[in-house]
Student: 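Have a look at this one before I ask anything.
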Amino acid sequence: MSMISWMQAGVSTRLNQWWSSTPFITSGVTIICAAIYLVCLLVGYDSYAEICFLPSAVASHFQVYRFYTSVLFHGSLLHVLFNMLTFVPLGTELERIMGSVRLLFLMFLLATTNAIFHLIVAFLVDYNPLYHVSYLVDECSIGFSGVIFSMIVIETSLSGVQYRSVFGLFNVPAKWYAWILLILFQFLASNVSLLGHLSGILSGFAYTYGLFNYLLPGPSFYSSIEGLSMLSVCVRRPGFILCTGGTTYGQLPTHSNMSTPPSALINANFLRNISSWMPSRRTSTVQTSTNQEQEDPRFPGRGRTLASTGTEPTAREANANLHARHTAANTVRADATVTADQTDTFDEELKKLVGMGFERTQAEVALAAADGDPNVAIEILMSQQD
């Protein structure tokens, strides 16, 4: 019995550590979706036709509320469980990079654009002159998976990896990852909305290519939200991540200069990315004006956790900083001030860490977080193994 109790305690501890490392908005959305499903289960609510995304109802009765109710409701325990287990790592990664308020706005934007793409495609297919396919406009779809597919596209673009593992079985080119998942889910699961997932992929690509830049607010918007007194309790929570600007390390778009016509913006982004289905990650050169650093207009800012009252950073803050700097490790320190000698030194120290038995990817992240100091990197790696 003592062994069983020990194993149960170990599992419980790991689950608590996993959940405590989940940022504020990601954990909040997970709790809301789970709570909605449990309430529906307890009261016996199953009138999903009233809240699902139904293109015919949206078009004929202008029921725009379905854009968002359809995202939060789920049809079964397996449905909500699978969606949330997929969402938590994606949301955690993006929230640490973008910040909590920015991620919340992103999910709202994706839910809206997913629904719009869903409507457009459904009615185009229904009223095409060659062959009418009317069932799509009467298809009732619910679940968070459309937004999840959008986030998969965005996170895959940000990571800069060349290949992605599909369920740990085989690797595929990263630019095909979302499309292969779309096809697999159609074959492996029943009652899956092909158009709902496809709309999520389209929104993810549109956002990544910068086609939504003119819809994104500027940094002052997020700062003003974080500064609201009514949200001070949320901002003080350990898992809340501020939308502060920082080192450029990604290709995620952000607020565009509104002096640029939207049509010119769309054309420029489309032509820049047409050569690849997924935009490759690169570190943008920071332009200076009167010796002041200017933020890359495509970069959404580096999220950071709210500082603690102590002088030493907490384990969660250190973990968030590691994730926030992961591009520095993957791009071989491509800062404008890095010299060839510094790059060689970084590679040499990395080889030493790998030779000590540390996993290469973790060693890269730790060495980048330590600004090239191997002793600090070793401490970080050892702390992660504790």
Side-chain angles (χ1 to χ4, degrees), residues 19-32 68 71-72 87-88 90-113 147 151 154-155 158 207 210 212-250 252-260 284 286-325 327:
W19 181 250
S20 63
S21 65
T22 305
F24 182 75
I25 294 299
T26 301
S27 58
V29 171
T30 303
I31 292 173
I32 289 173
Y68 313 106
V71 171
L72 299 175
F87 167 68
V88 167
L90 280 171
T92 297
E93 180 71 11
L94 291 178
E95 186 168 355
R96 284 171 174 164
I97 292 171
M98 306 174 72
S100 297
V101 176
R102 198 186 303 266
L103 177 66
L104 183 62
F105 180 86
L106 171 64
M107 290 189 293
F108 174 80
L109 176 65
L110 293 176
T112 304
T113 55
V147 175
M151 296 174 70
I154 295 171
E155 195 277 333
L158 176 66
Y207 179 85
F212 295 157
N213 279 14
Y214 59 92
L215 299 176
L216 303 179
S220 59
F221 170 81
Y222 304 111
S223 299
S224 62
I225 296 296
E226 293 168 346
L228 293 176
S229 59
M230 67 180 67
L231 297 180
S232 59
V233 175
C234 298
V235 174
R236 292 194 188 101
R237 291 188 62 84
F240 193 95
I241 301 176
L242 299 176
C243 302
T244 54
T247 307
T248 60
Y249 60 92
L252 286 175
T254 185
H255 173 73
S256 296
N257 186 354
M258 298 311 293
S259 62
T260 302
S284 304
V286 179
Q287 298 179 353
T288 58
S289 176
T290 64
N291 296 327
Q292 299 293 325
E293 293 185 354
Q294 303 295 327
E295 182 178 315
D296 187 336
R298 294 169 301 176
F299 175 67
R302 175 166 59 88
R304 63 177 177 84
T305 54
L306 189 63
S308 62
T309 56
T311 58
E312 294 294 329
T314 64
R316 177 176 296 180
E317 289 171 340
N319 189 35
N321 289 334
L322 287 179
H323 281 273
R325 296 187 183 187
T327 299

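Residues: numbered from 1 along the sequence shown.
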Student: Quick check for you: to the nearest 0.5 Å, what is the distance between Ser100 atom OG and Ile225 atom CD1?
Tutor: 13.0 Å
Student: Which value, rounded to the nearest 0.5 Å, describes the distance between Ile97 atom CD1 and Leu158 atom CG?
Tutor: 4.0 Å
Student: Kindly compute the distance separating CG (Leu110) from CD1 (Ile154), expressed to the nearest 0.5 Å.
Tutor: 5.0 Å
Student: Rounded to the nearest 0.5 Å, what separates atom OH in Tyr222 from atom CG in Leu104?
Tutor: 10.0 Å
Student: Output yes when a side-chain donor or acceptor of Glu226 lies under 3.5 Å from a complementary backbone atom of Cys243, and no otherwise.
Tutor: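 Answer holds: yes.
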Student: Any donor and acceptor pair, going by atom type alone, linking the side chain of Thr92 with main-chain N or O of Thr22 inside 3.5 Å?
Tutor: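 Checked: no pair found.
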Student: Is there a side-chain contact between Leu231 and Val101 in this structure, where contact means two heavy atoms from C-beta onward sitting under 4.5 Å apart?
Tutor: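 In short, these two side chains do not touch, never coming nearer than 4.5 Å.
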Student: Run the side chain to side chain contact (heavy atoms under 4.5 Å, CB included) check on Tyr207 and Leu216 step by step: do they pass?
Tutor: CA-CA 10 Å; Tyr207 179 85; Leu216 303 179; 4.0 Å; yes
Student: Which residues pass the ring pair (Phe, Tyr, Trp, His ring centres under 6.0 Å) test with Phe221, not counting sequence neighbours?
Tutor: none
Student: To the nearest 0.5 Å, what is the distance between CG (Leu94) and CG (Leu103)?
Tutor: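 Reported value, rounded in 0.5 Å steps: 6.5 Å.
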Student: Give a yes-or-no answer on whether the side chains of Tyr68 and Thr112 include a donor-acceptor pair shorter than 3.5 Å.
Tutor: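 On atom types as modelled, these side chains qualify, holding a pair under 3.5 Å.
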Student: Glu95 side chain to Thr26 main-chain N or O, any donor-acceptor pair under 3.5 Å?
Tutor: yes
Student: Please answer whether the main-chain N or O of Pro23 pairs with a side-chain N or O of Ser27 as donor and acceptor at a distance below 3.5 Å.
Tutor: yes
Student: Are Met107 and Ile25 side-chain neighbours, meaning at least one heavy-atom pair lies under 4.5 Å?
Tutor: yes
Student: Is the terminal nitrogen or CZ of Arg237 (NZ for Lys, CZ for Arg) located under 6.0 angstrom from the six-membered ring centre of Phe24 and within 45° of that ring's axis?
Tutor: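 Not flagged: Arg237 not positioned over aromatic ring of Phe24.
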